[in-house]
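Notes follow the structure.
Below, chains carry the letters A, B, ... as their sequence lines are ordered, and counting in each starts from 1.
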There are 2 protein chains.
Amino acid sequence: MFYTVGEAAKILGVAPSTLRYYDKEGLLPFVERSESGLRMFKESDMDWLKLIGCLKATGMPIKGIRRFIECAREGDGTIGERLKILEAQRESVKNQISELERHLKMIDYKVWYYKTAQSLGSTSAMESYKTQGSQD
Amino acid sequence: MFYTVGEAAKILGVAPSTLRYYDKEGLLPFVERSESGLRMFKESDMDWLKLIGCLKATGMPIKGIRRFIECAREGDGTIGERLKILEAQRESVKNQISELERHLKMIDYKVWYYKTAQSLGSTSAMESYKTQGSQD
DNA sequence: TATTGACTTAAAGTATAGTTTAACTTATAT
DNA sequence: ATATAAGTTAAACTATACTTTAAGTCAATA
């Protein structure tokens with residue numbers, strides 16, 4: 001029915017200390033404790049942690065995630081704010097993808113450059129290919 | 001013909017202190033100095049800095065970038081290593097994009113969830129829609 | 001019941017990537 | 001010539017996100 005912090009950490013692929021840190025930072029107010037103070041992670045807590053992982057992996061800082069969690073605890077009055085946060089994050093992720101695709105093009109070019117240089121035996125033999133933004 | 005550190009920083013959209021930090025970390029061994037010790041950035045240095053910016057933006061740590069720069073200084077014997085570094089970085093970027101696209105799907109779902117909840121006036125009214133991985 | 005492994009907290013430590021400060025020098029404009 | 005804006009360094013400071021340590025408690029097993 002419940003997972004300990006170690007079990008939850010294993011399932012999520014993070015260190016137990018990371019979950020304790022998140023708790024300390026106010027990211028896990030929903031996790032209940034046993035009478036003796038041990039954390040008890042429910043299935044729904046794991047769902048929250050997956051969302052936290054998603055927001056974290058897409059670059060939202062701990063404080064931003066905490067705000068979202070706080071909103072959820074505050075109830076229906078914050079649906080608008082939660083929506084705004086998620087829509088902003090969606091735009092951010094789209095921009096991150098665009099940026100990475102742009103950088104990927106440059107890396108692809110460099111890979112081509114070095115492959116050709118390798119076949120020619122030197123980078124100086126590449127002089128004739130050189131255009132903008134290319135060097136060794 | 002040459003840019004000062006402030007001019008170079010402005011063109012690249014970074015702080016002058018960032019360029020000095022990169023220099024200290026061995027990322028800019030190609031930047032020459034005036035007789036009095038001022039950095040003089042050439043056009044080709046700016047090209048290097050754009051590549052450094054690309055590698056940094058795609059998650060390569062400073063030490064990794066330094067290794068690449070060192071290779072380039074060592075000459076044609078390191079073409080193979082430079083190619084390996086760039087091919088690994090290309091794979092890394094592709095994985096980052098895939099991960100972001102995966103996360104984007106979850107965020108898209110959450111945006112839909114809150115939009116619907118907003119129109120219904122509450123998240124509890126969403127019960128009937130709930131499937132895996134969804135909570136407030 | 002005693003041991004062992006996992007849990008608890010607070011506080012200190014680590015890693016990465018810069019930024020800021022202090023004291024000083026150089027370059028440009030009046 | 002001189003003020004000022006921007007350059008120089010080393011060293012200290014900041015931010016973020018954890019991780020590790022220390023001292024102690026809890027839970028399961030032989």
Side-chain angles (χ1 to χ4, degrees), chain A residues 1-42 45-46 49-69 89 92 96 99 103, chain B residues 1-42 45-46 49-69 89 92 96 99 103:
Chain A
M1 200 63 176
F2 292 107
Y3 301 113
T4 65
V5 69
E7 289 163 348
K10 194 161 196 178
I11 290 166
L12 296 162
V14 301
S17 61
T18 303
L19 295 182
R20 294 195 187 101
Y21 167 68
Y22 287 173
D23 196 4
K24 198 178 60 173
E25 292 299 312
L27 266 49
L28 316 180
F30 43 78
V31 174
E32 293 180 58
R33 301 295 186 113
S34 72
E35 217 169 277
S36 58
L38 303 193
R39 290 176 186 82
M40 298 179 354
F41 290 79
K42 305 179 286 292
D45 297 346
M46 302 303 279
L49 276 161
K50 282 165 199 162
L51 177 56
I52 289 169
C54 171
L55 296 176
K56 193 180 64 67
T58 55
M60 188 181 288
I62 297 289
K63 282 186 182 178
I65 299 173
R66 175 167 58 202
R67 181 64 201 139
F68 185 85
I69 301 278
Q89 191 66 7
S92 167
Q96 288 176 56
E99 276 284 274
H103 291 308
Chain B
M1 198 61 175
F2 293 106
Y3 302 114
T4 65
V5 69
E7 289 163 347
K10 193 161 197 178
I11 290 166
L12 297 163
V14 301
S17 61
T18 302
L19 295 182
R20 295 195 186 101
Y21 167 68
Y22 288 174
D23 197 3
K24 199 177 59 170
E25 292 300 311
L27 266 48
L28 315 180
F30 43 79
V31 174
E32 292 180 59
R33 301 294 187 112
S34 73
E35 215 169 282
S36 59
L38 303 195
R39 291 176 186 83
M40 300 178 353
F41 290 80
K42 305 180 286 294
D45 297 347
M46 303 303 277
L49 277 161
K50 281 166 200 160
L51 178 56
I52 288 169
C54 171
L55 296 177
K56 193 180 64 67
T58 54
M60 188 180 288
I62 298 288
K63 282 185 182 180
I65 299 173
R66 175 168 57 200
R67 179 65 200 139
F68 185 85
I69 301 278
Q89 192 66 7
S92 167
Q96 288 176 57
E99 276 284 274
H103 290 309

(request) For C/dC7, take OP1 and OP2 only and decide whether either is under 4.0 Å from a side-chain N or O of A/Thr4. (result) yes
(message) Of the options D/dT19, D/dT9, C/dG18, whose atoms approach the side-chain atoms of A/Tyr21 most closely?
(response) D/dT19
(request) Could you state the atom-to-atom distance from CZ of B/Phe2 to P of D/dG7 in whole Å? (result) 16 Å
(request) Ignoring hydrogens and angles, tell me if any N or O in the side chain of A/Thr58 forms a donor-acceptor pair with the backbone of A/Cys54 under 3.5 Å. (result) yes
(request) Can you sort out the partners of B/Glu7 under salt bridge (Lys or Arg N to Asp or Glu O under 4.0 Å), two or more places apart, ordered by chain and number? (result) none
(message) What is the distance, to the nearest angstrom, from the CZ atom on B/Arg20 to the P atom on D/dA6?
(response) 11 Å
(message) Working note: A/Leu28 + A/Leu49, criterion side-chain contact (heavy atoms from CB on, under 4.5 Å); need CA distance, chi angles, decisive distance, verdict.
(response) CA-CA 8 Å; A/Leu28 316 180; A/Leu49 276 161; 3.6 Å; yes
(message) With the threshold set at under 4.0 Å for non-hydrogen atoms, list the residues of residues 56-66 of chain A touching DNA chain C in residue-number order.
(response) none
(request) Round to a whole Å and report the spacing from CD of B/Glu7 to P of D/dA5. (result) 16 Å
(request) Could you identify which residues of residues 22-40 of chain A place a heavy atom less than 4.0 Å from some atom of DNA chain C, listed by residue number, or say none? (result) A/Arg33, A/Gly37, A/Leu38, A/Arg39
(request) Compare side-chain N and O positions of A/Ser17 against OP1 and OP2 of D/dT20 and report whether any pair is under 4.0 Å apart. (result) no
(request) Give a yes or no on whether A/Tyr3 atom OH has more than 12 heavy-atom contacts from other residues, nucleotides or ligands under 6.0 Å away. (result) no
(message) How many whole angstroms separate atom CG of B/Leu19 from atom P of C/dA17?
(response) 16 Å
(request) Provide the closest heavy-atom pair for A/Val5 versus A/Pro16 in the form atom of the first, atom of the second, distance. (result) CG2-O, 4.0 Å
(request) May I ask you to say whether B/Arg39 pairs ionically with B/Asp45, meaning some side-chain N is under 4.0 Å from a carboxylate O? (result) no
